[in-house]
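Contents: one structure, followed by commentary.
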Amino acid sequence: MQSINVLLDDGSRREMPLGSTARELAQSISPRLAREAVAAKVNSQVVDLARELVPDAHVTILTQDAPEALDVLRHTAAHVMAQAVIRLFPEAKLGIGPSIKDGFYYDFAVAETFKPEDLGRIEAEMRKIVAQKSPLTRHTIDRAEAIAMFRSQNETFKVELIEDLPFDAELTYYQHDNFLDLCAGPHLPDTGYVKAFKLLSIAGAYWRGDERRPMLQRIYGTAFYKQSVLDEYLIRLEEAKKRDHRKLGRELDLFSLQEEAPGFPFYHPKGMIIRNELEDFWRKEHRKAGYQEIRTPIILSRVLWERSGHWAHYRENMYFTKIDELDYAVKPMNCPGSMLVYRNGFHSYKDLPLRYCELGLVHRHELSGVLHGMARVRAFTQDDSHIFMTPSQIEDEVARVIALVHKFYTIFGLKYRVELSTRPEKAMGDIAVWNIAEAALENVLKAKGINYKLNPGDGAFYGPKIDFHIEDSIGRSWQCATIQLDFQMPEKFDLTYIGEDGDKHRPVVIHRVLYGAIERFIAMLIENFAGAFPLWLSPVQAVVLPITDRARAYAERVVAELEEAGIRAQLDARNEKIGFKIRAAQIQKVPYMLVIGDKEVQEGTLAVRTREGGDRGTSPVAEVIATLVQQIKEKT
RNA sequence: GCCGGUGUAGCUCAGUGGCAGAGCAGCUGAUUCGUAAUCAGCAGGCCAGGGGUUCAAAUCCCCUCACCGGCUCCA
């Protein structure tokens with residue numbers, strides 16, 4: 001009999017009869033591995049256990065614990081759900097059903113929308129399918145046959161998918177029981193593996209995400225190999241909801257959103273303290289980094305927006321007004337204003353790079369359905385900057401901005417993900433210039449060794465950009481910092497500088513924000529800290545808690561001393577027991593609780609309690625103040 | 001914007017055609033207390049807004065608004 005050689009993970013080789021499957025390989029290694037196997041990785045491609053091995057392949061048998069194994073499970077779960085839906089709603093047409101970050105979904109076209117009660121029925125049907133332990137089998141099929149097959153089943157979306165695949169693509173479908181779906185796989189051996197799953201929500205979703213296409217009904221679910229892990233996940237999800245900035249923003253009285261102004265946030269006194277701290281820190285760092293602060297108007301003439309290209313490319317997101325019969329627009333971006341400031345004077349190459357920065361309030365008409373607490377609003381302040389420079393300064397300057405982003409985010413303890421977005425469909429300007437700009441950004445990322453994801457077509461209309469994304473408490477990703485390269489605006493506004501040669505030259509502009517929008521950044525901070533801000537950002541840094549009225553006068557003096565030292569302190573002299581006041585301060589997430597009883601009055605000390613560490617014993621007042629001042633200064 | 005859901009006191013929620021409720025927060029009083037809730041009393045509402053059905057609507061119907069989840073992590 002002919003045989004083949006495969007390479008295993010430990011570097012050893014193993015001889016198997018020609019035509020052996022991954023499952024047979026697992027069996028030959030150990031029966032236990034065969035029992036635990038869920039899929040295999042052959043030459044870094046994840047495949048079914050039933051897949052035949054190819055000669056000299058590098059094979060890894062994947063068990064439940066393999067990072068790739070969850071995707072396989074969830075993809076199979078999506079098929080099981082689709083079959084359950086077809087059983088209950090025979091007229092439903094299939095869209096797509098992928099595995100996603102925390103679960104899976106499947107899109108269906110149905111005459112009647114799903115109701116929340118349907119989820120229970122579908123789950124029950126899924127359990128029957130799981131109990132059947134139907135094997136999933138993979139079949140290749142040629143294009144014409146596949147189209148004919150799905151067309152005969154009236155699966156028009158599947159037909160469209162096939163038609164859009166490249167001509168040389170290998171088409172496969174998977175079948176279990178009497179359910180069949182166009183699918184690249186891989187899948188688990190049989191439906192019995194899908195033990196721990198839960199359907200989570202129903203949502204409308206446009207076919208292929210395109211609002212001009214039909215709206216399908218999407219069912220989201222999640223699945224794990226073990227019920228205990230699913231239970232933990234669901235508990236974690238509940239826990240994460242407690243960090244939601246909308247909930248904490250209300251509980252900590254930081255801000256509010258009201259019906260009278262949808263998408264336009266109200267800052268309350270405590271939220272304003274955080275915002276001002278962020279701005280103070282920002283101004284200090286920008287002075288150090290060689291920026292000069294400016295401020296430009298919120299309402300500017302239509303003529304300006306026509307010139308900048310916003311009128312043509314961004315009008316549907318803008319608000320308008322009329323002044324003395326003339327058209328004006330409320331600025332959605334700060335750049336045109338900044339361009340006017342630059343153009344207002346002459347500039348020498350010696351002035352470059354010229355770094356203007358601006359905390360600019362912009363208004364954008366976001367679709368009502370996408371508003372989200374402080375994370376997506378219609379009015380927000382960008383910590384903007386426009387850097388005017390010579391082409392030769394681009395890479396150096398981009399690198400400086402990236403370093404600044406890193407410095408900021410490290411101080412706030414935020415993890416971020418980097419994306420490079422390139423030329424969109426509605427782009428302005430020359431393709432050759434775009435290519436240069438895109439290459440410049442890419443060069444810097446590569447030179448700095450930064451991992452990034454490429455996002456084709458997601459750039460701004462005037463230039464490509466590097467985006468920095470932060471995840472919120474339940475894993476949604478929000479763009480915060482961004483660095484955008486722009487060759488168009490200088491052209492539109494005829495910006496120049498006088499070069500060494502005495503001639504006029506065209507500068508290049510970087511648009512960049514670090515926080516992004518202060519509103520969104522605050523939302524991310526709230527979720528990141530679960531409302532327990534570091535001392536320097538805490539709206540109330542210390543509460544002073546006298547135990548009885550005998551300690552009140554001393555407590556008032558302590559509060560005055562704390563305030564004198566620049567610490568935001570409050571007195572809680574309410575006629576309540578100490579436990580009550582401590583509880584109130586804990587709930588408000590105040591970092592320091594300074595308890596004062598007869599003993600402390602007598603000794604001139606404070607009993608220090610911290611938010612995280614509980615009772616820390618007593619210390620002299622001056623010592624406590626020095627500690628807090630130091631900690632505020634260090635921003636820890 | 002589109003699909004689905006929700007909207008009752010400051011907050012969390014109960015109330016499914018027949019007198020608008022509870023807990024917490026608030027206010028008043030008593031209590032002066034040592035590290036996450038002292039006790040008692042009081043007050044608090046255009047039941048999101050508008051229209052309709054009905055003897056009677058928080059409850060049923062219609063419209064509007066706001067909020068929540070989602071709207072390619074590409075078979």
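Numbered from 1 within each chain, the chains take letters A, B, ... in sequence-line order.
- Put simply, the side chain of A:His310 reaches to within 4.5 Å of the side chain of A:Phe461, judged on heavy atoms.
- Side-chain N/O atoms of A:Arg550 include one lying less than 4.0 angstrom from OP1 or OP2 on B:C33.
- In this structure, A:Arg476 reaches the sugar-phosphate backbone alone: every heavy-atom distance under 4.0 Å involves primed, P, OP1 or OP2 atoms, never a base.
- Atoms CH2 (A:Trp207) and P (B:C74) sit 14 Å apart, rounded to a whole Å.
- Within 4.0 Å (heavy atoms only), A:Glu170 reaches at least one base atom of the nucleic acid.
- Side chain A:Gln217 to base B:G70: no donor-acceptor pair is found below 3.5 Å.
- A salt bridge links A:Glu163 with A:Arg151; the closest basic N to acidic carboxylate O contact falls under 4.0 Å.
- Within the 4.0 angstrom heavy-atom criterion, base atoms lie near A:Ile547.
- B:A57 is unpaired under the Watson-Crick or G-U wobble criterion, no partner having all donor-acceptor distances under 3.5 Å.
- At the heavy-atom level, A:Asp598 lies under 4.0 Å from base atoms of the strands shown.
- Looking at heavy-atom distances under 4.0 Å, A:Gly579 makes contact with sugar-phosphate atoms alone, never a base.
- Residue A:Tyr206 places no side-chain atom within donor-acceptor reach of the base of B:G70, judged by atom type and a 3.5 Å distance cut-off alone.
- Checked against the 6.0 Å centroid criterion, the rings of A:Phe108 and A:Phe89 do not qualify as a close aromatic pair.
- Counting non-hydrogen atoms under 4.0 angstrom, A:Ser99 reaches the backbone sugars and phosphates but no base.
- Between A:Tyr220 and B:C71, a side-chain N or O to OP1/OP2 separation shorter than 4.0 Å is present.
- Atom-to-atom, CG of A:Leu252 to P of B:A25 comes out at 17 Å; the value is rounded to the nearest Å.
- Contact annotation for A:Phe114: no contact, since no heavy-atom pair falls under 4.0 Å across all strands.
- Residue A:Arg574 is classed as a sugar-phosphate contact, given heavy-atom separations below 4.0 Å to backbone atoms only.
- Nucleotide B:A25 forms no Watson-Crick or G-U wobble pair with any nucleotide shown, as no partner meets the under 3.5 Å limit on both distances.
- Atom P of B:U28 sits at a distance of 27 Å from the matching atom of B:U35, rounded to the whole Å.
- Distance CD (A:Glu366) to P (B:C67): 13 Å, rounded to an integer number of Å.
- Computed from coordinates, the A:Glu419 CD to B:C73 C1' distance equals 11 Å when rounded to whole Å.
- Side-chain atoms of A:Glu123 come within 3.5 Å of backbone N or O of A:Leu199 as a donor-acceptor pair.
- Contact annotation for A:Arg208: base contact, defined as any heavy-atom pair under 4.0 Å involving a base atom.
- For A:His75, no side-chain nitrogen or oxygen approaches OP1 or OP2 of B:A75 to under 4.0 Å.
- Remark: A:Arg246 is in phosphate contact with B:G69, judged by side-chain N or O atoms under 4.0 Å from OP1 or OP2.
- Contact annotation for A:Ser368: base contact, defined as any heavy-atom pair under 4.0 Å involving a base atom.
- A:Arg417 places no side-chain N or O within donor-acceptor distance of the main-chain N or O of A:His469, the cut-off being under 3.5 Å.
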